[in-house]
Amino acid sequence: MTTGFWHQVRAVIDRDLLRERRQGDMLWITIPFGAIALLLIPLAIGTDAVLLREIGPGMYWVIVMLFGVLVAVSRASRETLPQQDASALLGLDPAAGFVGRTASSAVFLLIFEVVVGVVAVGLYDISLIGIGWLVTTMLLVAIGLALLGTLTAAIVNSSTAGAALVPLLVAPLSVPLLLGATQTYDGLQGGYSILSWVLLMVAVVLVVSIIGVLTARPLQET
Amino acid sequence: MTTGFWHQVRAVIDRDLLRERRQGDMLWITIPFGAIALLLIPLAIGTDAVLLREIGPGMYWVIVMLFGVLVAVSRASRETLPQQDASALLGLDPAAGFVGRTASSAVFLLIFEVVVGVVAVGLYDISLIGIGWLVTTMLLVAIGLALLGTLTAAIVNSSTAGAALVPLLVAPLSVPLLLGATQTYDGLQGGYSILSWVLLMVAVVLVVSIIGVLTARPLQET
Amino acid sequence: MTQPDATEDTTGVPLVVLEGVGVRIGSTQILRDVTLEIDAGEVVGLFGANGAGKTTVLRLIATLIRPAQGFGTVLGADLSSSERYDVRRRIGMIGHVPGIFPELTLAENLRYAARVAGVPTDRVGGALAAVGLGGAADRTAGAASHGMQRRTEFARELMIDRSLLLLDEPHSALDRDAVDLVEGLIERKAAEGGAVVVVSHDRDRVRAIAHRTVDLIGGTLV
Amino acid sequence: MTQPDATEDTTGVPLVVLEGVGVRIGSTQILRDVTLEIDAGEVVGLFGANGAGKTTVLRLIATLIRPAQGFGTVLGADLSSSERYDVRRRIGMIGHVPGIFPELTLAENLRYAARVAGVPTDRVGGALAAVGLGGAADRTAGAASHGMQRRTEFARELMIDRSLLLLDEPHSALDRDAVDLVEGLIERKAAEGGAVVVVSHDRDRVRAIAHRTVDLIGGTLV
Amino acid sequence: MQSQVRIRRWPWVAIALSLAVAFTLSMISPADSVQGDLVRIMYVHVPAAWLAYTAFFVTFVGSVAYLVTKNLRWDRIAAASAEIGVYFTGLALSLGMIWAKPTWGVWWTWDARLTFTFIMFFVYLGYLALRRTTDDPIARASRSSVLGILGAIQIPLVHFSVLWWRTLHQPPSLIRPDGPAIQDSLMLAALIVGVLAFTIVYVALMVKRIELIHLEEKRLAVEQSIRRPVAGEAVTAPELGAS
Ligand code: HEM
Ligand SMILES: Nc1ncnc2c1ncn2[C@@H]1O[C@H](COP(=O)(O)OP(=O)(O)OP(=O)(O)O)[C@@H](O)[C@H]1O
Ligand SMILES: Nc1ncnc2c1ncn2[C@@H]1O[C@H](COP(=O)(O)OP(=O)(O)OP(=O)(O)O)[C@@H](O)[C@H]1O
Ligand SMILES: [Mg+2]
Ligand SMILES: [Mg+2]
C-alpha cells in the first residue's frame with residue numbers, strides 16, 4: 001500500500017503538471033497578473049519610494065496569498081465528474097489524490113512566488129537578508145496555500161459539506177500563514193528571533209495536511 | 001432587428017445571473033477572498049492607522065481591479081464549445097452576446113465592489129465625502145472591468161496560447177480606470193476638480209464598448 | 001416573429017451546396033475536396049468510421065467552421081462570408097454532447113433558447129411535454145439523465161422552426177419511445193420542405209428513413 | 001502487480017449482491033428496492049426508459065454511490081462501508097461521457113491510468129493499437145473525435161484487468177469495426193470469470209450477447 | 001508563382017543613407033549646456049518614440065481597414081507595422097533608460113510616461129504573440145485587428161501621461177530639457193532630420209517586411225498544397241486479440 005501510495009501521488013502530480021503545461025492559463029494568466037498587480041500598486045497609492053519600500057514585502061505576501069488560494073482552488077476543482085469517477089475506479093486512494101493535487105499546486109505557487117518575487121525585488125527595492133529563511137518561508141507558504149486551496153476545492157465539490165464553509169476555513173488558516181511570512185521577513189530585517197513564526201507556519205501546514213488527508217475519503221462521499 | 005437585439009441581451013443576462021446564482025462560487029469564494037485580502041493588508045504591512053488611511057482607498061481599488069478582471073475573464077469563458085454552438089445556432093447576435101455577458105459581469109462586479117467596499121470602510125476608516133461621485137466611480141469601474149474582461153475572453157477564446165495575453169490586454173486598459181478611480185477619490189478628499197478623471201473613465205468605457213460591439217462578429221472567427 | 005419564415009426562399013434552390021470544400025484545424029487537414037448538394041425535402045444519411053470527419057461536416061454545414069478550400073453555400077449564404085451569421089437561426093444541430101447549461105432547469109434552458117431565437121416562450125411547456133419531459137421541467141439539466149438531456153435538445157428543435165436539421169447519432173441515448181420522436185421529427189422536417197442530415201453508425205436504421213446516404217472516407221464523400 | 005489477481009476470490013461467490021437497495025440524491029429517491037445478484041461469468045443486460053436510473057445502478061455497483069436503504073456487496077465489499085474503496089480498482093466502467101483529460105494525449109491518458117492502477121505502462125502502446133488508435137496516440141484527447149475518445153476508454157479497460165465491467169450504451173459512438181471490440185471484450189471478460197453489465201436501448205443487440213436481461217421500471221428491477 | 005513577389009534592394013540603400021546623414025548631423029550639433037554630450041541621445045530617443053507612435057497608428061489604420069474591407073492586405077500592413085513599432089519602442093525605452101542613469105541617477109522610476117511606454121511595449125509584444133497562436137489567416141487577422149485597435153488607446157495615454165501626472169504628483173525629475181534646450185537651430189535641425197531619417201527607415205523596413213510576409217505566405221501555400229493524409233486516416237479498425 002505504501003509504495004502504491006507514493007506511486008499514485010507521483011502519477012497525479014505528473015498528470016496535473018502536464019495538464020497545466022498544455023492548458024497554461026495558470027502560468028500565463030496568473031503569474032503576469034501577479035506581476036502587474038505589483039506594478040499597479042505604486043500607481044494607485046503614489047510613487048513614494050520610502051513608502052513603497054516599507055509596504056513592499058507586505059504587499060508581496062498579500063498578492064501571493066490572494067492569487068495563491070484562488071489558483072489552488074481553480075486548479076483543484078478542474079476535474080469533471082466522469083474524470084473523477086474514472087480516477088476512483090483506477091483505485092486512486094483519495095488521500096493520494098489530495099496529496100498529489102496539493103503537491104502540483106505547491107509547485108505552481110512556488111513558481112508564482114519566485115517570478116513575482118523577482119518583480120517585487122526589482123520594483124520595491126526589497127532587501128534579501130537571510131535568504132535561506134526567506135526560501136523556507138516561501139516553501140512553507142506555497143505548501144500551506146496549496147493545501148488550503150485543494151481542501152477548499154474538495155469542500156466546494158462535495159455535496160456533504162457546503163460551499164459556505166469555504167470562507168470560514170480559509171480566513172483562519174491563511175491569516176497565520178501570512179502573519180508568519182511577514183513577521184519572518186521583519187524579524188530577519190530587525191535581527192530578532194523568527195523561530196516562533198516559522199513554527200507557526202509549520203504548525204498550520206501540518207494541521208491542514210492532517211485534516212486534508214483524513215477528510216479525503218469523507219469528502220468524496222456523494 | 002433592434003428590438004430583437006435587446007431581447008437577446010436580456011435573455012443572456014438572465015441566463016448568466018441564473019447560472020451564477022445556482023453555481024455560487026462567486027458568492028462563496030471570490031467575495032470572501034476580496035474581503036480577506038483587505039483584512040490581511042494591515043496584518044502584512046503593520047497597523048499604523050495613518051498609513052492605512054493613506055493607502056486604504058488605493059488598495060481597495062487595486063483589489064477590485066485584480067479580482068474584477070479575473071472574475072470577468074473566467075465568467076465570460078465559462079461556456080463549453082457545444083453550448084457556444086447551440087447559442088450561435090439560436091441566432092444569437094455576437095454583439096448581443098457581448099453586451100449581455102458584459103452586463104451580467106458588471107452586476108457581479110458591482111456586488112463585489114459594494115461588499116468589499118463595506119469591509120474597506122470598516123477597516124481603513126475611509127471617508128465617504130462625495131458619495132454620489134463615489135457611486136458613479138464604482139459603476140464606471142464595474143462596467144469598464146466587465147467590458148475588458150468580456151472582450152479579453154473573446155479575443156483569446158479557444159487559443160490556449162492566447163491565455164498568456166489576458167494580462168497584457170487587461171492591464172493597459174484597466175490602468176486608466178484604476179488611475180481614474182483613485183484620483184477621483186483623492187480629488188473629492190482634496191476638494192479639487194475630478195471632472196477630467198470621470199471623463200477619462202467614461203471615455204474608456206465608451207471606447208471599449210464600441211470596439212466590443214463592432215468587433216463581436218469578427219472575434220467569432222475561429 | 002420578426003424572423004423570416006423557415007422555408008420561404010428555399011424552393012428549387014439546393015439548401016446545401018459544397019464544392020471541393022476542405023477543412024483544416026490548425027495545420028491538420030480534416031476534410032478534403034468534399035462535394036455535396038442537398039435539396040429541400042431530402043433526408044441524407046452520413047456514414048463513416050470513427051474520426052473520419054462526420055461531426056466536422058455537420059459543423060461545416062452549420063456554418064460553425066469556415067472552409068479552408070473550396071466553396072460552399074448553406075440556405076443561400078456563402079460559407080466564407082459573414083452572410084452565414086444570418087442563416088444560423090434556421091439551422092438546428094444536435095451533437096454528441098448536449099449544448100445546454102447544467103445549472104439551469106430543463107424549462108429554463110428552453111426558455112433561454114426561445115427568447116434568443118425570438119420564439120414565444122409559451123411553447124416551452126408544450127415542447128417539453130412532447131418529448132415526455134413535462135414532469136421533469138424543473139429539474140436542473142445537470143441532474144437530468146443523459147437521455148433526458150438529449151430529449152431536451154429535441155424539444156428545442158421542436159420549438160424552433162428550422163429549415164435544416166443536423167443530427168449526430170440521434171438514436172444514441174434515446175429509449176425506444178423517444179426514437180419514434182426522432183423519426184417523426186425527421187419526416188416532418190422533410191415534408192415541410194426542409195432537409196435533414198443524419199450521422200449514424202447504425203446503417204440499417206438510417207437507410208430506412210433516409211432518401212440517400214453518403215460515405216465519408218479519407219476526408220472525402222464517396 | 002502488487003494488486004490482487006483480478007479473479008482470485010470470486011469463484012462461487014456472487015460478484016454483485018443488491019438486496020432491497022434504495023438510492024437517494026439529495027431529497028430525490030432515484031432507485032427503490034433494487035434486488036440483483038450477478039455471478040461470475042455472467043453478462044447481464046440492463047434496460048429501461050430514459051431517466052429510469054440505469055446509469056445510477058451502474059454507479060451504485062461501481063461503489064461510486066452509497067445505498068440509502070438496503071444492503072449490498074460488490075466483489076465481496078460492503079457497499080456501505082469503506083471496504084468498497086479497496087475493490088474499486090477491479091471495477092471498470094465506461095459511461096456516457098468519457099472520463100479522460102482533454103489536454104492530455106490519448107497515450108498520456110492511458111499512461112496515467114496505468115500508473116494509478118499499478119499496471120506496467122508498456123501496455124499502453126499495445127492497448128491503443130488494439131483499438132485501432134496506434135496512429136493517433138499523440139493526438140490530444142480534446143482533438144480526438146467522440147468515437148476515438150470512447151475507443152480510448154476501451155483501451156483502458158483492455159489494459160487493466162478488471163473483475164467487473166459496467167458498460168453504459170457501449171455501442172453508441174463506435175463505428176462498425178469497433179463494435180466488435182465491445183463484444184470481444186464482453187466475451188473475454190465473461191470467459192475469464194468476471195461479469196459484465198451492459199446498459200442499452202438496443203435490446204436485440206444486447207440479447208444476442210447477454211445471458212440474462214433485467215428491466216428497470218419505476219426505480220425497481222423487474 | 002514565386003516571381004510575383006518582387007525583391008527590392010533600394011530599401012537597404014535608403015536606410016544606410018538616411019541614417020548616415022542623421023548621425024553626422026547629430027554629431028556636429030552642439031553639446032547641451034546642462035547635459036553636455038548626453039543630449040545626443042535625444043536625436044535617437046525622440047525620433048524612435050515618435051516613429052513608434054506612427055507605426056502603431058498605421059497598425060490601427062490597417063486593423064480598421066481589415067475589419068471593414070476583409071482584405072488580408074491590410075492585415076499584413078498592420079502586422080508589419082506593429083513589429084517595426086516594437087523595435088522602435090524598444091529602442092526608445094532602452095535609450096531612455098541609458099539616458100536616465102546619468103541624468104536621474106536611476107535606470108527606472110515610476111514616472112507615468114515610463115510606465116505607459118513600458119505597458120505599450122508589452123501590448124504590442126502581445127499583439128505579435130497573438131498572431132502566432134493560429135495558422136488560419138482569417139482568424140488571425142480578425143483577432144489581431146481587434147487588438148490592433150484596442151492597443152492604439154496607448155498612444156494618447158503615453159503622450160499625455162506627462163501632463164496628467166504633473167497635475168497629480170510632483171514632476172518626475174528636475175531635468176527635462178524640452179523647451180529651452182532646443183532653442184539652438186542646429187539642434188532643432190538635427191532633431192528634424194533625425195525624425196525624417198527614421199521615417200525613411202520605417203518606410204523601408206515596412207517594404208521589406210511586407211515582402212517577407214508575402215514570401216512566408218507563398219511558402220505556406222506550397223506546404224499546404226502537398227497532399228498529406230487527413231486526420232481520420234490515423235484511425236484504423238481495431239485488432240482484436242492484441243494486447
Ligand atoms: C526609460 C526611460 C524613458 C522612456 C520610456 C521614455 C519615453 C519617451 C517617449 C515615449 C517619448 C515620446 C513622447 C511624446 O512625444 O509623446 C519621449 C520623449 C522624450 N524624452 Fe523620453 N523616455 C525616457 C527617458 C528619458 C530621459 C532620461 C530623458 C532626458 C533626461 C528623456 C527626454 C525626452 C525628451 C526630451 C523627449 C521629447 C519631448 C517630449 O515630447 O516630451 N527621456 N520619451
Ligand atoms: N483540434 C483538432 N486538432 C487536430 N485534429 C482534430 C481536431 N479536432 C478534430 N480533429 C480530428 O478530426 C477528425 C475528424 O473528427 P470528427 O469529430 O469530425 O470525426 P467523426 O467522423 O465525427 O468521428 P466519430 O464517429 O468518432 O464521432 C478526427 O480524426 C479528429 O482527431
Ligand atoms: N443530482 C440529481 N438530483 C436529482 N435527480 C437526479 C440527480 N441525478 C440524477 N437524477 C435523476 O435520477 C434519474 C435517473 O438518472 P440516470 O442517469 O440513472 O437515468 P438513466 O436510466 O441512465 O437514463 P438515460 O437512459 O437517459 O441515460 C433521472 O430521472 C434523473 O433526473
Ligand atoms: Mg462525431
Ligand atoms: Mg444513463
Side-chain angles (χ1 to χ4, degrees), chain B residues 1-27 75 77-101 104 157-162 213-222, chain C residues 1-4 23 25-26 55 58-59 61-66 80-82 84-105 108-119 121 140-143 149 152-153 156-157 159-160 162 164-166 168:
Chain B
M1 192 59 196
T2 326
T3 63
F5 182 86
W6 292 109
H7 199 77
Q8 290 190 334
V9 168
R10 273 204 305 279
V12 171
I13 296 177
D14 289 352
R15 174 200 75 181
D16 281 354
L17 294 181
L18 211 51
R19 287 187 77 192
E20 193 59 52
R21 235 172 53 203
R22 297 270 162 76
Q23 179 114 338
D25 47 348
M26 153 85 186
L27 210 64
R75 277 182 37 70
S77 59
R78 208 192 279 164
E79 272 168 72
T80 64
L81 188 65
Q83 286 166 352
Q84 288 174 25
D85 283 357
S87 287
L89 293 181
L90 291 168
L92 178 63
D93 184 338
F98 175 79
V99 175
R101 275 195 295 274
S104 60
N157 172 41
S158 73
S159 69
T160 19
V213 168
L214 290 184
T215 61
R217 268 192 187 197
L219 277 180
Q220 283 217 330
E221 298 285 354
T222 35
Chain C
M1 306 264 87
T2 57
Q3 310 289 340
V23 167
I25 299 183
T55 300
L58 292 194
R59 295 191 75 230
I61 297 178
T63 77
L64 297 167
I65 319 186
R66 225 170 343 95
S80 304
S81 86
S82 68
R84 64 203 171 105
Y85 292 101
D86 305 323
V87 297
R88 285 193 170 168
R89 207 207 74 105
R90 291 165 58 205
I91 305 170
M93 183 169 77
I94 297 186
H96 291 294
V97 180
I100 54 181
F101 299 99
E103 303 89 358
L104 305 188
T105 66
E108 283 162 357
N109 266 295
L110 288 189
R111 205 168 307 127
Y112 164 72
R115 290 174 68 186
V116 173
V119 150
T121 49
T140 57
Q149 299 185 12
T152 309
E153 294 215 297
R156 184 188 64 213
E157 298 312 316
M159 202 174 63
I160 304 170
R162 314 276 205 177
L164 195 56
L165 213 50
L166 311 170
D168 211 344

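Worth saying up front: this structure is predicted, and the values here are computed from it rather than measured. Hydrogens, waters and symmetry mates are skipped; everything else that's a heavy atom, side chains included, is used. We name chains A, B, ... by the order of the sequence lines, and we start the count at 1 in each one.
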Please classify the contact of [X] with chain B as side chain, backbone, both or neither, using a heavy-atom distance under 4.5 Å.
| X | result |
| --- | --- |
| C:R59 | side chain |
| C:T121 | neither |
| C:I160 | side chain |
| C:E153 | neither |

If the condition is side chain to side chain contact (heavy atoms under 4.5 Å, CB included), which residues does C:I25 pass it with, not counting sequence neighbours?
C:I30

Go through B:A88, B:P94, B:A86, B:G97 and name the one with the most non-hydrogen pairs under 4.5 angstrom from chain C.
B:A88

Sole candidate of B:R22, B:E20, B:R15 that passes side-chain contact (heavy atoms from CB on, under 4.5 Å) when paired with B:L18
B:R22

Minimum heavy-atom distance C:M93-B:D85, with the two atoms named
CE-OD2, 4.0 Å

Any salt bridge between C:R115 and B:D14, counting N to O under 4.0 Å?
yes

Test of understanding: with ring-ring contact (aromatic ring centres under 6.0 Å, His included), list the residues that count as partners of C:F101, not counting sequence neighbours.
C:Y112

